[in-house]
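Report on the structure given below.
Quick caveat, the model's predicted, so the values are computed rather than measured.
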Amino acid sequence: MLWTANQIIRKLSTSSNYYQNKLKLALIGQSLFGQEVYTNIRKQGHKVVGVFTVPDKDGKADPLDVPVTTSWFTEECDKEQNGLQDAQRKTCLFPNPLGSCYAVAAQKDGTPVFKFPRWRVKGKPIPEVVEAYKAVGAELNVMPFCSQFIPMEVIDHPAYGSIIYHPSILPLHRGASAINWTLIQGDKKAGFSIFWADDGLDTGPILLQRECPVEPNDTVDSLYNRFLFPEGIKAMVESVQLIADGKAPRINQTEEGASYEGIQKKSNAKVNLAQPAEAIHNWIRGHDKVPGAWSVIDGQTVTLYGSSILGGSVPAGQPLDIEGASQPGIVTKNGLVLFGSDGKALLVRNLQFEDGKMIPASKYFSSGDTTSMELTDDEKKMAEEIRSIWNGILGNIAVIEETTDFFKSGAASMDVVRLVEEVKQKCGGVQLQNEDVYMATTFQDFIQMFVRRLRGEDQEEEMVIDYVAKYVNNMTVKMPWQCFINGKFEDAEDGKTADTINPADGSVICKVAYSSVGDVDRAVAAAKEAFEVGPWGRMNPRDRGSLLYKLADLMEENQEELATIESMDSGAVYTLALKTHVGMSIQTFRYFAGWCDKIQGKTIPINQARPNRNLTFTRKEPLGVCAIVIPWNYPLMMLAWKSAACLAAGNTLVLKPAQVTPLSALKFAELTVKAGIPKGVINIIPGSGGMVGQRMSDHPDIRKLGFTGSTPIGKQIMKSCALSNLKKVSLELGGKSPLIIFSDCDMDKAVRMGMSSVFFNKGENCIAAGRLFVEESIHDEYIRRVVEEIKKMNVGDPLDRATDHGPQNHKAHMDKLVEYCEVGLKEGATLVYGGKQVDRPGFFMEPTLFTDVEDHMFIAKEESFGPIMVVSKFKDGDIDGVLQRANDTEFGLASGVFTRDINKAMYVSERLDAGTVFVNTYNKTDVASPFGGFKQSGFGKDLGEDALNEYLKTKAVTVEY
């Protein structure tokens with residue numbers, strides 16, 4: 001029933017004080033996009049005086065509040081193309097799983113909601129509809145969709161007219177399929193326009209435009225989710241404010257470069273395979289999911305979904321003849337490989353047949369090989385529950401038979417979303433995807449698929465790894481190079497890669513996936529699902545510990561290969577990589593595996609509520625999805641320090657290795673699958689900190705971020721984590737660790753350990769002694785002996801067992817160290833030894849020694865993170881003076897003291913302001929001892945029991961009885 005003007009006035013009079021006035025707005029349209037625009041406009045203080053959307057379906061508003069789907073073209077759009085005059089069906093610019101979902105939100109807020117079935121009949125406006133619209137008194141119409149069927153009386157009525165969002169850079173790609181044509185035509189840029197509505201089709205003056213690059217493997221989904229949706233919402237709100245402030249431009253569209261493309265029909269969507277691979281890929285991804293690009297295989301029409309440009313070599317597989325192709329396709333474990341006329345390849349992941357059934361392309365030759373399972377009594381009850389869900393959706397079917405086909409019975413893409421969500425809600429939270437419905441279209445097939453998923457018996461595909469293999473260190477090392485997401489290695493979403501360099505000679509080891517924001521989102525989604533509904537969250541803690549023990553055993557079995565990869569990728573001397581980088585990683589996983597079944601709360605006595613009694617106890621619970629960002633100096637060990645505690649606590653994780661050292665983390669990912677760690681629990685995303693790390697900091701589904709790296713980046717991460725969702729943070733940051741050597745020390749040990757404190761791991765060591773304070777009476781002798789030892793150091797190939805000192809990690813760091821030394825010289829410090837790059841291929845720095853370093857100098861205050869010993873002397877007996885100098889830094893990661901006097905050692909250790917103090921030793925870390933800094937060296941702990949608390953939350957439960 002239509003609202004009348006009197007009803008509208010009464011409704012407004014009850015809520016007139018609810019809003020702060022800026023502009024009075026009418027929102028016309030539907031979709032999740034419209035809901036977000038509505039919410040954000042109201043947050044800005046504008047008054048929404050009416051929401052105009054579609055009528056309820058089957059007598060109720062659409063209840064589904066689900067993520068954006070890929071149903072970009074609706075059946076309604078096809079009707080419009082045939083001349084249906086229905087304004088509210090012109091929604092093709094946006095996915096529409098929600099129907100009038102934001103009408104529900106508006107109703108909750110007390111905003112008037114109108115659900116007109118149409119605005120015009122036979123081309124003429126419906127007077128009572130227009131009258132009801134005018135009665136709300138809108139000053140501006142905000143329309144997140146095309147306006148073709150809204151009467152001009154409505155468009156022009158408000159004082160400020162109407163603005164519309166369109167997902168292309170107008171005048172390019174006018175029409176309802178703009179995003180699709182952006183991909184089909186291979187545009188390098190995508191974007192959106194907000195324009196003033198006129199009587200043309202997307203021809204009004206431009207108010208605002210934004211653009212973004214189109215990545216090689218972008219889809220309609222990825223473009224929309226990454227840019228068009230979030231930035232479009234911001235731009236709509238910004239546009240409203242510009243209008244309110246009187247600053248909104250009206251830039252007339254030019255007809256130069258203008259184009260209009262209509263909605264594609266299935267009959268026009270056949271793939272032309274006699275063209276380059278990129279053009280074929282663009283055609284397929286531009287038609288995904290609707291209407292679907294198709295080809296003819298074995299005499300039948302087969303629709304192709306999930307295309308990506310194939311990077312690297314073509315995997316082995318079985319040939320498949322395809323009509324019109326320049327050469328046969330290949331069915332591989334990853335999918336169907338197609339070849340363009342240029343000989344380049346693309347990969348198609350899913351195929352759909354004429355009967356509506358969809359299969360993974362990799363299963364083309366074995367799609368009918370599954371056997372039927374016997375259901376238990378409980379499973380039969382669930383099957384009947386699902387039968388009732390099918391009945392509710394397929395209202396035209398009296399009885400759901402075993403052979404009833406979901407799509408042949410009239411179901412459409414909207415019904416797929418509803419089916420998936422209802423099954424999730426009513427059947428134990430079993431996670432299904434829309435594609436599962438397309439791949440099991442009959443009721444009996446759907447039940448079989450559901451039960452397999454329920455039992456966890458989905459036959460896991462054999463892990464497919466496109467290794468880079470190299471014969472090095474007297475062995476063949478096999479290195480994964482792709483992203484590791486949800487238990488599988490796969491290319492980055494946009495197909496980008498980056499070189500990883502061997503610092504020993506500057507050569508390229510291989511190309512590694514360069515992840516995008518979309519890859520992070522997929523990894524987080526996988527980790528979230530694994531935590532909330534996967535076996536990891538339900539697993540007995542002791543069983544979880546068993547998996548971590550097994551993982552440690554596999555790391556030990558593969559320790560030589562891991563150490564070789566670590567040495568090649570980071571420049572670590574092989575013997576050190578074997579003992580420390582890999583060896584301590586194995587110890588760390590074993591240590592925390594033992595903690596899995598020992599995480600417990602406590603009971604707490606509280607005041608009793610007499611005559612009743614109370615019991616209060618605490619529970620230690622995992623946080624959820626955690627992000628870990630690790631540095632390049634100890635790639636595998638830093639991974640182990642953080643992820644072992646995270647996993648032992650029961651969390652799932654998304655980990656970003658350093659961009660310059662990703663290989664050992666990706667090899668580790670391979671071992672986690674072999675250990676039986678469930679998919680989605682561990683995800684490894686190589687890429688840049690600015691993109692991948694920033695998205696992790698901002699992501700609303702991540703509950704904890706652990707970071708090791710520089711202090712400036714740590715501050716940025718902390719800020720982003722606070723602004724996003726106040727996620728928990730632990731930071732292990734920079735250091736300038738002081739080492740105090742008293743005259744009563746054991747000189748031999750002080751020289752040996754002092755050398756190690758600086759030159760261990762070629763100085764790329766977060767707790768390296770950044771400054772040595774040597775008591776005056778032994779200073780010269782100490783320096784003389786250090787120089788003797790430096791001269792004995794063998795600088796060379798890190799894989800040579802006789803090498804003491806390998807290359808610095810990467811060229812930019814090498815250059816920074818040379819500059820650091822130049823600054824030291826300019827400020828007046830004495831360069832006793834080294835200070836230059838070694839004249840040989842690779843990034844080798846001479847072990848360096850500076851003396852006469854005064855407190856004000858740059859090298860006295862700033863960390864070098866390299867093989868540079870910085871020595872200052874202090875007066876004999878001046879304990880408090882040297883302590884003051886040692887603590888005069890914003891860092892507080894580690895420190896050390898050498899003395900035979902136990903009283904002096906204890907006095908100094910109590911007063912050194914650092915998270916770790918070494919007495920008569922250095923670099924002595926252990927998996928059972930907590931590690932972390934003070935001040936601007938960060939907060940939080942790695943290792944030991946303390947590390948578990950970084951990945952746990954404490955819940956208090958109070959019971960009255």
Side-chain angles (χ1 to χ4, degrees), residues 32 65-69 215 217-219 221-227 229-230 424 429 431 433 482-494 496 513-537 622-630 639 642-643 646-647 649-657 659 662 665-666 668-669 672-673 677-707 717-718 720-730 950-951 953:
L32 180 60
D65 192 2
V66 298
V68 173
T69 71
E215 304 296 348
N217 287 322
D218 259 333
T219 62
D221 267 358
S222 66
L223 269 179
Y224 187 78
N225 292 332
R226 183 180 82 242
F227 184 79
F229 180 85
K424 183 193 301 181
Q431 296 294 301
Q433 304 296 325
Q482 297 165 294
C483 305
F484 182 72
I485 300 175
N486 205 25
K488 295 181 180 179
F489 286 99
E490 53 191 53
D491 292 346
E493 182 180 71
D494 56 15
K496 285 187 176 180
Y514 189 79
S515 305
S516 67
V517 168
D519 295 310
V520 177
D521 291 345
R522 289 189 297 118
V524 172
K528 188 171 188 283
E529 181 175 339
F531 179 77
E532 293 179 350
V533 301
W536 187 253
L623 300 171
V625 180
C626 297
I628 293 173
V629 181
I630 57 174
L639 176 154
K642 287 180 167 23
S643 62
C646 173
L647 295 168
N651 301 286
T652 58
L653 66 88
V654 179
L655 183 142
K656 189 196 90 66
Q659 184 176 342
L666 294 170
F668 167 83
T672 67
V673 177
I677 305 290
K679 66 179 184 180
V681 173
I682 296 170
N683 304 271
I684 309 292
I685 308 296
S688 72
M691 182 180 295
V692 174
Q694 185 63 51
R695 179 55 180 158
M696 288 177 172
S697 301
D698 293 337
H699 204 292
D701 290 332
I702 291 174
R703 294 298 169 189
K704 158 70 194 281
L705 192 148
F707 172 74
I717 284 173
M718 191 173 176
S720 297
C721 288
L723 291 175
S724 56
N725 62 340
L726 210 63
K727 56 177 63 70
K728 189 175 182 180
V729 181
S730 57
E950 301 295 332
Y951 297 94
K953 58 188 177 185

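Put simply, the side chain of Arg226 reaches to within 4.5 Å of the side chain of Leu223, judged on heavy atoms. At a threshold of 4.5 Å between non-hydrogen side-chain atoms, the residues Leu647 and Val681 count as touching. Considering only heavy atoms from C-beta on, Ile485 comes within 4.5 Å of Ile685 through its side chain. With contacts defined as side-chain heavy-atom distances shorter than 4.5 Å, the pair Pro700/Ser724 does not qualify.
Residues satisfying the side chain to side chain contact (heavy atoms under 4.5 Å, CB included) test with Phe531, not counting sequence neighbours, are Pro622, Thr652. In this structure, the side-chain hydrogen bond (donor to acceptor under 3.5 Å, both in side chains) partners of Lys528, at least two apart in sequence or on a different chain, are Glu532. Not counting sequence neighbours, the partners of Glu490 by the salt bridge (charged side-chain N to carboxylate O under 4.0 Å, His left out) test are Arg522. Here Tyr514 pairs with nothing under the ring-ring contact (aromatic ring centres under 6.0 Å, His included) rule; sequence neighbours left out. Looking at residues two or more places apart in sequence or on another chain, you find a salt bridge (charged side-chain N to carboxylate O under 4.0 Å, His left out) between Glu215 and Lys496. For the salt bridge (charged side-chain N to carboxylate O under 4.0 Å, His left out) test, residues two or more places apart in sequence or in another chain that qualify with Lys424 are Glu421.
Checked by atom type and distance alone, the side chain of Asn651 pairs as donor or acceptor with a backbone atom of Cys646 at under 3.5 Å. Listed for the Asn683 side chain is a donor-acceptor partner under 3.5 Å among the backbone atoms of Leu653. Of the possible polar contacts, none joining the Ser720 side chain to the Ile717 backbone as a donor-acceptor pair under 3.5 Å is found. With hydrogens and angles disregarded, no donor-acceptor distance shorter than 3.5 Å links the side chain of Ser515 to the backbone of Ala492.
Taking all atoms of both residues into account, the shortest heavy-atom contact from Leu705 to Cys721 is CB-SG, 4.1 Å. Pairing each heavy atom of Ser516 with each of Met691, the nearest pair is CA-SD, 3.5 Å. Scanning both residues, Pro657 and Ile630, for their nearest heavy atoms gives CA-CG1, 3.6 Å. Between Val654 and Ala527, the shortest heavy-atom distance links the atoms CG2-CB, 4.1 Å. Contact detail for Pro686 and Ala513: the closest heavy-atom pair is CG-O, 3.4 Å. Smallest separation of non-hydrogen atoms from Ser697 and Lys727: O-NZ, 2.6 Å.
Lys704 and Ser730 share a side-chain donor-acceptor pair at under 3.5 Å. With 3.5 Å as the limit, one finds no donor-acceptor pair spanning the side chains of Lys488 and Asn486. Asp491 and Gln482 are linked by a side-chain donor-acceptor pair at a separation below 3.5 angstrom, with hydrogens and angles left out of the test.
If you take NZ on Lys728 and OH on Tyr951, they are separated by 9.0 Å, rounding to the nearest 0.5 Å. In this structure, Leu655 CG and Phe484 CZ are separated by 11.5 Å, a value rounded to the nearest 0.5 Å. The CD atom of Glu493 sits 6.0 Å away from atom CG of Asp218, with the distance rounded to the nearest 0.5 Å. Going from atom CG of Asp519 over to atom CG of Asp494 covers 6.5 Å, rounded to the nearest 0.5 Å. Between atom OG1 of residue Thr672 and atom CD1 of residue Ile684 there is a gap of 7.5 Å, rounded to the nearest 0.5 Å. Rounding to the nearest 0.5 Å places CG of Asp701 at 12.0 Å from CD of Glu529.
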Side chain to side chain contact (heavy atoms under 4.5 Å, CB included) assessment of Asn725 paired with Arg703: CA-CA 8 Å; Asn725 62 340; Arg703 294 298 169 189; 3.4 Å; yes

